[in-house]
Amino acid sequence: VKVIVLFVMLFLPQFLFSQSIDDYWIKGKKLEKAKQFPQALDVFQEAVIKYPDNTWYYIHIGYLHKMLNQMEESLRSYQKAYELAPDDKKIRESVSWGYYWYAGYIAYKQHQWNEGTQWYLKAAELNPNNHIIYNVMGNTFRNAGDLESALKYLEKAYALNPDHVKTKKGIGANFYVTTKVGLRQPYDKAKKWVSLALKAYPDDLEIGVLTIKQLLKGNGQFTVPTFKNPILKKLSRGAVLLFQGKTDQAKSAFDKLSGDYPEDHELDTQIAELFRGRVEDLPYSQQMNSEIHLAAVSYYVKSVEKYFKK
């Protein structure tokens, strides 16, 4: 009897108050869902001491550190999870998000663009079908000054999910801005962006004009795509006349187009951009006093006037 009593006294309290893997999981997830991140982190950190081989505890510790803006600690936890289960598909996907968030911290908070691209590459290696990673990686390569790599990864993002560029918010804005930067390069580099630009934004006025300008500069060939957008169709016809040196005919075509859309100030801005593109082809000494330059200025002025008439 004494032995039984002694056993109960020694082990019953431990049995009553110890927590199982499930207990920690339920408690930690409940706190996490309630956005009580410090308390949830305490639970999972206690759990991982008792169950150091539970990979998902490290995933949640990494996530909670991230939510608390403790990015170095977050990275270490995700790396530990990957170390424990490098071949688990779900773990790899979760770790890829950890690397993605860390890349964003390094690139967009610390402005260490080159190092950020390397962490995006690591994230993509673990989750190669995630268009979001490729999109933001492309934007980061742009900020790092590597537009060739930017194009490579934006093409990958678009191939994985063409619909994500339909909005110009969030990562859609990344794609749009980087595409415009690519198209504004000298012709030999910009021409590589034309195909992606036309696929992603077939009816966008600004992208269309940037594309027209580059195509018309290409080896003197006046070949432009067939746009479905009626405004872009007419802009491209006028642009061909302009780049063929038929300035008066181009001005007549553009004047009519501008008059057909009396409230569209952006249209006049883009017409001005086409004239400016032609000015850039002139010798510097002729640029400021040319009638093409004056036409560009007049359309910029007209755009402002339309804007304030709204």
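Between G238 and A250, the closest heavy-atom pair is O-CB, 3.5 Å. Summarising the geometry of G62 relative to S74, their closest heavy-atom pair is O-OG, 2.7 Å, with the distance given to 0.1 Å. Taking each heavy atom of Y134 and N130 in turn, the nearest pair found is CD1-O, 3.2 Å. Considering all non-hydrogen atoms of both residues, W119 and A103 come closest at CB-CB, 3.5 Å. The minimum heavy-atom distance between A107 and G116, with the atom names listed, is CB-CA, 4.1 Å.
Of the possible polar contacts, one joining the Q185 side chain to the G182 backbone as a donor-acceptor pair under 3.5 Å is found. At distances below 3.5 Å, not a single donor-acceptor pair connects side-chain atoms of E148 with backbone N or O atoms of K189. Not one N or O on the side chain of N135 forms a donor-acceptor pair closer than 3.5 Å with the backbone of A157. Checking side-chain atoms of S303 against main-chain N and O of E266 turns up no donor-acceptor pair under 3.5 Å. In terms of modelled atom types and a separation under 3.5 Å, the side chain of S290 and the main chain of Q287 share a donor-acceptor contact.
Interatomic distance, K191 NZ to Q214 CD, rounded to the nearest 0.5 Å: 10.5 Å. Between the OG1 atom in T211 and the CG atom in L183 there is a gap of 4.5 Å [rounded to 0.5 Å]. The distance from the OG atom of S96 to the CD1 atom of I132 is 10.0 Å, given to the nearest 0.5 Å. One distance of note links CG of L147 with OG1 of T178; it measures 8.0 Å at 0.5 Å rounding. A distance of 7.0 Å separates CD in Q39 from CG in D42, rounded to the nearest 0.5 Å. Rounded to the nearest 0.5 Å, atoms CG (N127) and CD (E93) are 5.0 Å apart.
One finds a salt bridge joining K80 and E83 here, because a Lys/Arg side-chain nitrogen approaches an Asp/Glu carboxylate oxygen to under 4.0 Å. We find that K27 and D23 are not joined by a salt bridge, their nearest charged nitrogen and carboxylate oxygen being 4.0 Å or further apart.
For the residue pair E273/Y300, the side-chain donor-acceptor check at 3.5 Å is satisfied. A donor-acceptor contact closer than 3.5 angstrom is absent between the side chains of D163 and Y158. Neither side chain, E32 nor Q36, offers a donor N or O lying under 3.5 Å from an acceptor on the other. Side-chain N/O atoms of T140 and Y108 include a donor and acceptor closer than 3.5 Å. For the residue pair S258 and K306, a side-chain donor N or O sits within less than 3.5 Å of a side-chain acceptor on the partner. Side chains of N139 and Y120: a donor-acceptor N/O pair is absent below 3.5 angstrom, by distance only. Side chain to side chain, H65 and E73 fail the donor-acceptor criterion of an N or O pair below 3.5 Å. Side-chain atoms of Y102 and E72 include a donor-acceptor pair closer than 3.5 Å.
Here the side chains of T55 and D88 are not in contact, with every heavy-atom distance at 4.5 Å or above. R278 places none of its side-chain heavy atoms less than 4.5 Å from the side chain of L274. Two residues are said to be in side-chain contact when any heavy atoms from C-beta on lie closer than 4.5 Å; I49 and Q45 fail this criterion. Between I207 and K180 there is a side-chain heavy-atom pair separated by less than 4.5 Å. A 4.5 Å side-chain heavy-atom check between I231 and Q270 finds every atom pair outside the cut-off. Looking only at side-chain heavy atoms (C-beta outward), I61 and Y78 stay at 4.5 Å or farther from each other. Contact check for I106 versus W113: no side-chain heavy atoms found under the 4.5 Å cut-off. Contact of the Y105 side chain with the N69 side chain is not registered, since no non-hydrogen atoms from C-beta on lie closer than 4.5 Å.
The 12-atom threshold is not exceeded at NZ of K152, counting heavy atoms of other residues, nucleotides or ligands nearer than 6.0 Å. The local environment of CD in E125 is sparse, with at most 12 non-hydrogen atoms from other residues, nucleotides or ligands closer than 6.0 Å.
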inquiry  = Run the side-chain contact (heavy atoms from CB on, under 4.5 Å) test on L232 and L205 for me, step by step, so that the C-alpha distance in whole Å, both residues' side-chain angles and the decisive distance to 0.1 Å come before the verdict.
reply    = CA-CA 7 Å; L232 280 172; L205 188 61; 4.0 Å; yes

request  = Verify salt bridge (charged side-chain N to carboxylate O under 4.0 Å, His left out) between R276 and E280, making sure each step is shown before the conclusion.
outcome  = CA-CA 6 Å; R276 191 164 75 93; E280 292 168 357; 3.4 Å; yes

inquiry  = With salt bridge (charged side-chain N to carboxylate O under 4.0 Å, His left out) as the criterion, how do E206 and R184 come out once you've worked through the C-alpha distance, each side chain's angles and the decisive distance to 0.1 Å?
reply    = CA-CA 11 Å; E206 187 173 1; R184 288 191 176 110; 2.9 Å; yes

message = ring pair (Phe, Tyr, Trp, His ring centres under 6.0 Å) for Y58 and Y82? Distances and angles first, verdict last.
response = CA-CA 9 Å; Y58 289 103; Y82 182 56; over 10 Å; no

ask   = When you look at Y99 and I133, which way does the side-chain contact (heavy atoms from CB on, under 4.5 Å) test go after all the steps?
value = CA-CA 10 Å; Y99 289 175; I133 294 173; over 6 Å; no

task = Take F275 and H293, measure what side-chain contact (heavy atoms from CB on, under 4.5 Å) needs, and give me the verdict at the end.
result = CA-CA 7 Å; F275 276 104; H293 172 74; over 6 Å; no

key: Chi angles and distances behind the side-chain hydrogen bond (donor to acceptor under 3.5 Å, both in side chains) call for Y299, D255   = CA-CA 9 Å; Y299 274 104; D255 284 343; 2.3 Å; yes

task = Start with the C-alpha gap between L41 and Y63, add the side-chain angles, then the distance that decides, and say whether side-chain contact (heavy atoms from CB on, under 4.5 Å) holds.
result = CA-CA 9 Å; L41 181 59; Y63 173 75; over 6 Å; no

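Classified by interplanar angle (parallel below 30°, tilted 30° to 60°, perpendicular above 60°), the ring pair Y51/Y57 is tilted. Note on ring orientation: taking the six-membered ring where Trp is involved, the planes of Y153 and F141 are parallel (angle under 30°, cut-offs 30° and 60°). Aromatic ring pairs are classed by plane angle as parallel below 30°, tilted from 30° to 60° and perpendicular above 60°; the pair W25 and H60 is perpendicular.
With a 6.0 Å cutoff to the six-membered ring centre and a 45° limit on the axis angle, K168 counts as a cation-pi contact of Y176.
Annotation: H164 is in aromatic contact with F175 [ring centroid separation under 6.0 Å].
Note: the hydrophobic cluster containing L242 does not contain L294 (ILVMFWY, side chain heavy atoms under 4.5 Å, direct or indirect links). Connection of L241 to I212 is not established within any shared hydrophobic cluster, with ILVMFWY side chains joined at heavy-atom distances below 4.5 Å, either directly or through further cluster members. Cluster membership for L121 and W101, using ILVMFWY side-chain heavy atoms within less than 4.5 angstrom, is shared. Taking hydrophobic clusters as Ile, Leu, Val, Met, Phe, Trp and Tyr residues chained together by side-chain heavy-atom distances below 4.5 Å, L68 shares a cluster with V48. At a threshold of 4.5 Å between side-chain heavy atoms, the hydrophobic network of Ile, Leu, Val, Met, Phe, Trp and Tyr places Y261 and F227 in one connected group.
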